[in-house]
Each structure stands twice: as C-alpha cells, then as structure tokens.
There are 2 protein chains.
Amino acid sequence: MSLDPIARIRRFNRAVTAQTGALDHSFLGRGRPLGLARTLHAISHFGQDVATIRAALDLDKAVLSRNLKALQAEGLVELAADPADARRKQARLTPAGLAEVAAYDALSDDQAQTLLNRHPRPDALLAAMDLVASALTVDRVDIVAHDPRGDLARHCLSEYYAELARRFDQGFDVTLSRDPDAAAMTHPHGTFLIALSDGLPLGCVGLKGGTDYAEIKRLWVAPAARRLGLSRRLMDAAEAAARTLGITLLRLDTNSALPEAVALYQTTGWTRINRYNDDPYPDVFFEKQLK
Amino acid sequence: MSLDPIARIRRFNRAVTAQTGALDHSFLGRGRPLGLARTLHAISHFGQDVATIRAALDLDKAVLSRNLKALQAEGLVELAADPADARRKQARLTPAGLAEVAAYDALSDDQAQTLLNRHPRPDALLAAMDLVASALTVDRVDIVAHDPRGDLARHCLSEYYAELARRFDQGFDVTLSRDPDAAAMTHPHGTFLIALSDGLPLGCVGLKGGTDYAEIKRLWVAPAARRLGLSRRLMDAAEAAARTLGITLLRLDTNSALPEAVALYQTTGWTRINRYNDDPYPDVFFEKQLK
DNA sequence: CATGATCGTTGACTTAGGTCAACCAATTCC
DNA sequence: GGAATTGGTTGACCTAAGTCAACGATCATG
C-alpha cells in the first residue's frame, strides 16, 4: 500500500489496543481488579521473590504489599520469609492460586485460539505477529547460554537446518555434515548461546571448543528478527565467551549461498583462509585471532 | 517457526501492550489525565456531536459531561446547542484545542516514525501490521459508498492496477483498457463502494450503470485482508445497490490469471457467458440476473 | 556492638474514573 | 395539549491505584 505509513501504524495501534483491551482483559472476566490479576500472574511468571516481582511490575512497595495481602486473604498465595534473608519475603502460589492462574491463561489462550481459527492463513498471521513483536522488542532481547540439547536449542537448530535445505541448491542433510558434538558446545569446552525475546528464541550460535582452535557453528537468526543486529550481538557474545574460556584462535566455515553471513564476517574482523576441513557443504572459510 | 502458536501470540500481546503502553501513552506526556486526552482526540476524530462521541468512547454520559466541562474550562473546547435539536449539544475544538490535538498526534507520530526508521524493512513491518490489524478488525469493516474520484478510491484503483500489472503476463496498462467513466459509477447510474477499516481502505468495487445491463468493475481487496470474506461482502453490497437502483442484469469481465476471482463468481450465482466486449485484457465473462 | 541501610507494613491522603439517581429542558407521540 | 421520552447536568458516592512518611524488623559493616 502506498498509504501514509503513520496512518497505518495508527490503525494498527487502535486495532491492537481495542483488541488487547480484550486479549489482555482476560485479566478481567474473573471478578478481580486488574492489579491483583497482574500480581498473581507475575508470581507464576517471575518466581516467588517479592522484590523481583516488584521490579517486574514496576510497582510501589506499598501497593504490592497490599496486593499480596489481598491475595493471601483470598487463599491464593502463601507468604513466607526468605530463609536466607528474613527481611525479604517470598510469595508462593497455593493450589487454588495455581488453578486461578491456569484459568486466566485459559481465557487468554481461548481468545488467541479463536483468532487463529478464524483466520485463513494462520501461519502468515503468526509470522506477521512475530515480525511486529520483534520490531517492538529488539532492545529487550537477552543473549543467554543454554544447553545445546535443550528444547529451545533444538528448535533453533531445526529451523537452521530447514533454512540451509532451502538455500542450498543441493539441499542439506545434517547427517552428511560434521555435526558438532553437543558436549563440545558446553562448558568448559565451549558454549551455546540463544537470543531470547520474552522467552521466545530468535537466534542462536554455538562455540565449539577444540585443541588448536575453537569454531563458531550454527549461527542462525529467525526470519522475523533479521537485520536487527542480532547476529552481530550473538557473534560478539560468542567471542566474549571464547575470551573468558582462554581461547585465542577462532575459525568458522560457511557457504557463499549465505551472502549476509559472509558479509557479516568480512566486516567484523575475520580473515578469509583456505579450507581447513572436509565438510561437503561449506565453501568459504574464516579465521579470527583473539588478542 | 514450529513453536507453540499460542506462545507466539502471548509474546505478541505482551510486546504490543508493553509498547503501546508507550505508543498510546502519547496520550500521556502532556500533563492531562487519559480520559480528557481521549475525549479531546475523539472530538477531532468523530466530529462534534456529543452523543456520537459518547458512543465511540463508550463512556457514561455523566463522565463525558464532566470531561467536556473540564476541557471547556481549559479553553480547548466550545460547547453549543445543536441547532436542529436543542437537547443535543455539540463540542467544537477551539484553535487552542486543535493545537493540543496536533501536539498529541505529533507525539504519537514521532514514536511511530522512530519505529519505522530503526527497522531494516519498514515495508515488511507495515505489511505485517496491516495483516495483524486486519485479522483483529475484520468484523468492524464498513462498506461505504464513495466518490470514485476521491483519494480513497484512487488509492484502491492504483493498487488494483499495480496488482494486475504483476499478475498478467503481458502486464497491464489502464489506458488500453475500457476505463469506466467515473460518472457511470456514481449515483444515480451506479456506485463505487469501499471497504473501510477504521478509515483505511481495504478493498473496493465499482457498479457501472448502462442501458442494457450494469457492470461490476474494479473488485479489489488489499493483500493484508484477503480471504477474510471481504470480496464477498463487497459483491453483496454492490448487488444490493444494483437492486435499489432498479438494475436487473449484471455483467462482468475478468481474467483467468485471477483464479480466486473466477472462483468467487462461480460460487455466488454468476453464469459464464461469451465475450461481450472487445477489451484486450479479460478472457472470462459472467452474467447475473437479478430477480 | 553500634550505626546505618534495606525490606516490608501500615495509615493518611490523592487522583482518575466510574455508577446511580434525581433533575431540567426540549422533543416526540398520541 | 398532555404524557412519555430523550439528552445532558449535577451531586453523592464508590473503587482502583498510587504517593508519601513513619515505623519495626533484620542485615551488613566498621
């Protein structure tokens, strides 16, 4: 559309605030003020530490104290002193509290499911939501170390493999490639980093330890989050991890069918080198000396 | 992504509520309570009729009455009795009020512009926002008659022509086609209908009057709003308009490169007929008898 | 062990926002 | 022309939510 972009964004804002005034007002519909519902939700989402909850909700301590007291009176929450520091408190959900949280989630999930069900192209809708959400939250993406065999990592890797299969003329079969041993990508040999936006994985990179050099493997960014600087952040974090592990030489292999990757390495201090392995897929090789 | 769709929608909701808690809180930042800012905005957006404003904001009449009084005291609004019905009132923005609305808009537009500026693919972001907004507001799309020479219509038509140019192997040049005279698509000969979602045009259709038969022309639906049933609603509205104009025979031409259009006509009571004009572009022709 | 900082609690207060009923004035209906 | 209806105003009242200051209880530090 050639319409005024600002007008389109305004319409988007009105649409989502009108609707998430319904989606989020799953927070209503259970006869409890919004503040209490949010507090309840925060306990199940951010854990039991009262100070953490307060920071997450950005609430005044007097307000949170009263909210917790009200939830306690309802029998949804148990309050106990932190065993390590008796000034601090911990809020734990009772079984009734857990049930209440589940009921809220069900309300909100039903609305989400309805939206998906009535849409002709749910995949396109979800992809669009991912793109918008990523644009809004780029600056709140965390890069965290994660087990390369965990669910999040497996999701990233399977997306990565699927993308290679699409981009390589000859396809991609991971069993033909030098699949790095997961143990080599865990402490103390290496690491596996995931870019997490509000719990959803948007990208990953592996640092595989070795004797003469370490390798960067499996750099991937979700389509919805591309060109937002995530790959650079992932690479920086991987390099930092390598330094703290005492690694001094990094290598990586890639493919000329992935020009954005090649361009990234060329502009971030990597130097082209000759082939250093016999993996059938890569045709471009880089090295970086860590000072 | 193969992740849980519900989790993705949850993330989307959190992202937009956290952010439009910033986008919409352009409503804040001018030292006025949200209610007054919303009222002010509604006057400029929905016109001066107090009852209309109340319906649009879904406000209690006592609340709106007080809000208007406060805005009047600030010198932003003038209240006057409706000349046609002295029980009703009208709220008009003073120059100061207009300036205040402009200031709010500028705040919100700046945030939108920032979002666009820092995004690597603004077109993709806008398209995604359109898709999401359309999915959320399908049931609030109005079909309204509109001047085929107006801005909204011109936007729809240029998108329509651009789409034909993409879809036809030989391209599309409107000057080679039988471009319907705009007058034939206005009352009392015919009509031109636009599907409007919160002011943004998502589709159109023209009803072109004639002596022996009327023609359906220029049926178009925006990519972001396809397969949501809009084309059927547009066609139904065009047919209804034809009936009230006393038209008994409808014809249309289309192209086999537009299979979804052909399918629509085949399933909504149209019958294939032979070519009835010498336009170079169409190769499929339909007719419908209105009883 | 004394001092100061930290954490949560409590009471007093404020603001935004909304409900409800009574009311007046204008209009519509019979 | 009188009765009923409608649109807006006003006062009394309520809840959610947040601010502020004072205050124990606890912990960290010199």
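Each chain gets a letter, A, B and so on, in the order the sequences are listed, and its residues count up from 1. Values below: all heavy atoms of this structure, side chains included; hydrogens, waters and symmetry mates excluded.
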*So do A/Arg32 and A/Glu100 actually touch side chain to side chain, heavy atoms under 4.5 Å?*
yes
_I'd like to check the salt bridge (charged side-chain N to carboxylate O under 4.0 Å, His left out) partners of B/Asp58; sequence neighbours left out, ordered by chain and number._
none
_Spatial distance of atom CZ (A/Arg8) from atom CG (B/Leu116) [nearest 0.5 Å]_ = 9.0 Å
*Salt bridge present between A/Asp236 and A/Arg233 (N-O < 4.0 angstrom)*: no
*Taking only residues two or more places apart in sequence or in another chain, which ones pass salt bridge (charged side-chain N to carboxylate O under 4.0 Å, His left out) with B/Arg88?*
B/Asp49
*Sole candidate of B/Val63, B/Leu57, B/Val77 that passes side chain to side chain contact (heavy atoms under 4.5 Å, CB included) when paired with B/Thr39*: B/Leu57
_Angle between the end axes of the helix from C/dC1-D/dG30 to C/dC30-D/dG1, five pairs per end, to the nearest 10 degrees?_
20°
*Residues that A/His45 engages under ring pair (Phe, Tyr, Trp, His ring centres under 6.0 Å), provided they are two or more places apart*: A/His41
_Atom pair distance, as rounded to whole Å: CG in B/Leu71 and P in C/dA16_ = 13 Å
*Return the value, rounded to whole Å, for the distance between atom CG of A/Asp82 and atom P of D/dC27.*
9 Å
_Length of the CD-P vector between B/Gln90 and D/dG8, whole Å_ = 10 Å
*Set of residues satisfying salt bridge (charged side-chain N to carboxylate O under 4.0 Å, His left out) with respect to B/Asp147, sequence neighbours excluded*: B/Arg149
_Within the 4.0 Å limit for protein heavy atoms, which parts of nucleotides 7-15 of chain C are touched? Write it as a string from 5' to 3', B for base, S for sugar-phosphate only, - for none._
SBBBBB---
_Between D/dC20 (P) and A/Leu59 (CG): distance, integer Å_ = 15 Å
